[in-house]
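Quantities reported herein were computed from a predicted structural model and do not represent experimental measurements. Note: hydrogens, waters and symmetry copies are ignored here, and every other heavy atom, side chains too, is used. If you read the sequence from its start, that first residue is 1, and numbering goes on from there.
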Amino acid sequence: MLADASAVPGSDSVEKAMNLLRISGVASVPGDAFFQGGRGDHLLRFCFAKTDSDLADACQRLTKLRRSTPVASR
């Protein structure tokens, strides 16, 4: 699944993926790996080939992040 990561700090999807990992502990694949010409700069891909408990944990982490102060202001 590709998700809009516009609110995550970073100038491209590689920086956004690293910042999301640092902030939340949730890993993603930069959208630039799937698109050329900057079209993937604000996209992150998430893998669902995980255990149900890993997915639930990731969802909780991302939900907490969304409910806290906006990511872009961190």
If I take atom [atom1] from residue [X] and atom [atom2] from residue [Y], how far apart are they, to the nearest 0.5 angstrom?
| X | Y | atom1 | atom2 | result |
| --- | --- | --- | --- | --- |
| Cys59 | Lys64 | SG | NZ | 12.5 Å |
| Leu65 | Leu20 | CG | CG | 6.5 Å |
| Leu62 | Phe46 | CG | CZ | 5.5 Å |

Taking a hydrophobic cluster as the set of Ile, Leu, Val, Met, Phe, Trp and Tyr residues connected by side-chain heavy atoms closer than 4.5 Å, whether directly or through intermediates, do Leu44 and Met1 fall within one such cluster?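 Yes, same cluster.
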
Co-membership, hydrophobic cluster, residues Leu21 and Val26, 4.5 Å side-chain: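 Per the 4.5 Å side-chain linkage, Leu21 and Val26 are not co-clustered.
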
Closest approach of [X] to [Y] (non-hydrogen atoms, all atoms of both residues):
| X | Y | result |
| --- | --- | --- |
| Gly40 | Ser13 | O-CB, 3.2 Å |
| Glu15 | Gly10 | OE1-CA, 3.5 Å |
| Leu55 | Cys47 | CD2-O, 4.1 Å |

In short, salt bridge (Lys or Arg N to Asp or Glu O under 4.0 Å) pairs touching residues 32-60 with sequence neighbours left out are Asp57-Arg61

Short question: side chain of Lys16, backbone of Val8 - any donor-acceptor pair under 3.5 Å? yes

Hey, are the side chains of Pro9 and Asn19 touching, using non-hydrogen atoms and a 4.5 Å cut-off?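 A side-chain contact under 4.5 Å exists here.
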
